[in-house]
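One structure follows; several queries about it will come next.
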Protein chains: 2
Amino acid sequence: MPPASAISAAAAARSLRLASRLTPKSAPLPRGFELAAVSTGVKKSAALDLALIHSTAPCTAAASFTQNLFQAAPVRVSRAVLDATQGTGIRTVAVNSGCANACTGVEGDKDAQKMVDLACEAVGAPKGAGLVLSTGVIGQRLQMEKIKAGLIKAGKGLGNGEESALKSAATAIMTTDTFPKYLSRALTLPESGVGFTLAGMCKGAGMIHPNMKVHDPTTATRPLHATMLGVLMTDAPLAAPSATSALAHALGDSFNCISVDGDTSTNDTIVLLANGLAAPNTAMSATDTVAFATHLRTFARDLAAMIVWDGEGATKFVSVRVTAPTEPAARAIASSIATSPLVKTALYGQDANWGRILCAVGYASVPDGAKLDAGAVSLTVRSNGGELKLVENGQPKYPIDETVASKILAEEEIEIVVDMGLGSKAQANYYTCDFSDEYVHINADYRS
Amino acid sequence: MPPASAISAAAAARSLRLASRLTPKSAPLPRGFELAAVSTGVKKSAALDLALIHSTAPCTAAASFTQNLFQAAPVRVSRAVLDATQGTGIRTVAVNSGCANACTGVEGDKDAQKMVDLACEAVGAPKGAGLVLSTGVIGQRLQMEKIKAGLIKAGKGLGNGEESALKSAATAIMTTDTFPKYLSRALTLPESGVGFTLAGMCKGAGMIHPNMKVHDPTTATRPLHATMLGVLMTDAPLAAPSATSALAHALGDSFNCISVDGDTSTNDTIVLLANGLAAPNTAMSATDTVAFATHLRTFARDLAAMIVWDGEGATKFVSVRVTAPTEPAARAIASSIATSPLVKTALYGQDANWGRILCAVGYASVPDGAKLDAGAVSLTVRSNGGELKLVENGQPKYPIDETVASKILAEEEIEIVVDMGLGSKAQANYYTCDFSDEYVHINADYRS
């Protein structure tokens, strides 16, 4: 049996520092969005565990869901809502923590559907105009009486645009997160000059290796699954198909390329809501739609990075940048490095054991067709502490300057750069953290 | 920085108990095999770090090598030897620990070749009749002066059939292993009635997720890579093609289905040597060849299991048994469960968090073509402490009896059984261990 779990003093101090650096003091909501956060008692502590989001105007909505075979009940139900509404007319999103309502069978599906109905009732929205997200322990049933009472309470407590509302909601969806993750930005559409707000929150610290597919309500593809949750809100006048494509564009360098432990959850969901109140009855031009998608991508990446910073037991933030002959190859190699326990423990130990990085490059499951050559690979590691080219065209650059290596690895933020050579142009990034004994402690007794 | 590495008292006691249970007191060698183990000083301690194997009669040889893109120099050199000799006439194998001679560029290749030449010289074998295996830190050059002196010393100290020689050799190839891994069995070929001995050793505790391909010297396939080493020796009169097919048969339920951390090394190698001295100038019948292959498979599985028992920081031995529509699907699902940090930390914490197992089933990279249905999956966990059917046809079996669950998980040896349903018949096993804070400690400062 492992020692009892408790966040260390060092980890607590780091969490405070990160929260202050990464999240804003004030987080204005887009026009028309109201949020509430309550404690239902589903979490054993009296902590906030239910967030309710309401838009006074109907929203276009897009969402991406985990591709896990065991899609959780809230994922299945939310997909059905998007299919039925074609991503229009959405008014509310309910998010609970403490119970994932995953692997709960047919009764779990009924619970998730009931949660949607109760959320719509609580905000006075038409039936079927709501989405539901859950996170927490897999395999346990939702305590519906507690959820019901919580939704009613939340519906009465919706705060209209309070600058602390987003922070409270982000707090309510936390599980092993040590700080709430949220952002708000005031932006402008370049062509129309319309000012709009983009605000959002996400959660996640473990079971993080999202591999989501944007759900397209116009086709019948089966989406995949993971547990990280996020809700992105804007008052920009985004049409439903544009919301879907903007979200797909954003995922590629954000929520779909982060890893804490390589475990892809049953519940991963990102929802994008746009109510258009920044410019009612306006259609966005093509230029503005592209500009919005670019803003959303940066915004999503900054939110997703918070999850890695707050990865369970993490002490390092590591960017893995790979150039390879094809994008799938680059992504497979970056993912392999980002999930290798040996690379991650070496980073924790600040040990310049760079052979482990090459080893992880070498066993990546690279999709067929990408020809690789060990003799063409270059590897560089850098941080604010310096830069070391460790391997060039497959040849190690002896001797390794261990003093510089130590300085590089002592930094909290580290970059691993791999170039597979052979004229490679395709790139992929992965954001990951190190692997510490605290990760083990957190997860050896998560349920207790 | 993590705390300093040191094996805990509990781990040390467990290691002693396992060594006494799993390895024999006396380990006779097959006729004609002589072994030596010496300390060269490549390891910083004065520990044994070089094993030399010699057969007085030429051997047929087969080998499997890692499929890592960065095949270590000893892998490349040994492959070339097998190609040149077509797996015949092999007389010696040199194995060093402390330095993997991997990712060492063209100079590393020369070092490995030199090591073969020196080994042949040391035992008085013709040039090119030797194989070389290395394990240890990646990216460091072999200290050839020390290796040379060690090989000369070992050549003079070859012990002919001493029952402790195998244990000493197995000790010399250890890295983070806590006990030497070796076996010896006296067996009989059923048709000819010839008695023969099968003896072998292996090493490995971390960077263990072998994915080897048996090298076929008659074709020009590129083998794959991992760091686990093993040498299997017999005096049975095995022809070279039979050695290759017997090894391939053995790997499927042994060295190729174990995992400690999911990291597939640059150096994984298993060598099978057969000198025929049990029945000189005899050809094995088809029946006896099949019988040998069956014995080899059991022998290899028992050796491979020792690696999992001794996995870095391990406190549990876990068998994952999956039945699925296809064998590749079963293997992918078993591998996914066996490498999930969340499953492995829950096992360490003796926490019946079975949802994590289903989650890992659900995100397995199942090869195209295998149709799966979450609603058809069944999950059982059992040990000497009892048995619990947790999920049947996709529906959780509520309520989970937590008392029984605790008894099951308190055992040291645990079995996870997954049936994907849909009339599945194909099976795959994976053997894995749990994931403890000790794993992190061992690997955060491995080089120091």
Part of B:Thr315 within contact of chain A (heavy atom distance under 4.5 Å): neither

Is A:Arg356 salt-bridged to B:Asp263, going by a charged N under 4.0 Å from an acidic O? no

Salt bridge (Lys or Arg N to Asp or Glu O under 4.0 Å) partners for A:Glu412, two or more places apart: A:Arg14, A:Arg17

Chain A shares the most heavy-atom pairs under 4.5 Å, among B:Thr104, B:Leu342, B:Leu372, with B:Leu342

What option among A:Ser365, A:Pro341, A:Ser436, A:Ala102 has the most heavy-atom pairs under 4.5 Å with chain B? A:Pro341

Pairing donors with acceptors under 3.5 angstrom, does anything connect the side chains of A:Lys344 and A:Thr432? yes

Is chain B contacted by the side chain of A:Val366, its backbone, both, or neither, given a heavy-atom distance below 4.5 Å? neither

Give, as side chain, backbone, both or neither, the part of A:Ser340 having an atom under 4.5 angstrom from any heavy atom of chain B. both

Across all chains, not counting sequence neighbours, the side chain to side chain contact (heavy atoms under 4.5 Å, CB included) partners of A:Val361 are A:Ile333, A:Ile337, A:Val418, A:Met420, B:Phe70

With distance as the sole criterion, is a donor-acceptor pair present between the side chains of A:His209 and A:Ser259 under 3.5 Å? yes

Is there side-chain contact between A:Leu379 and A:Ile357, with heavy atoms separated by less than 4.5 Å? yes

Honestly, the part of B:Val377 sitting under 4.5 Å from a heavy atom of chain A is side chain

Looking at A:Tyr439, A:Phe435, A:Tyr398, which has the largest count of heavy-atom pairs under 4.5 Å with chain B? A:Tyr398

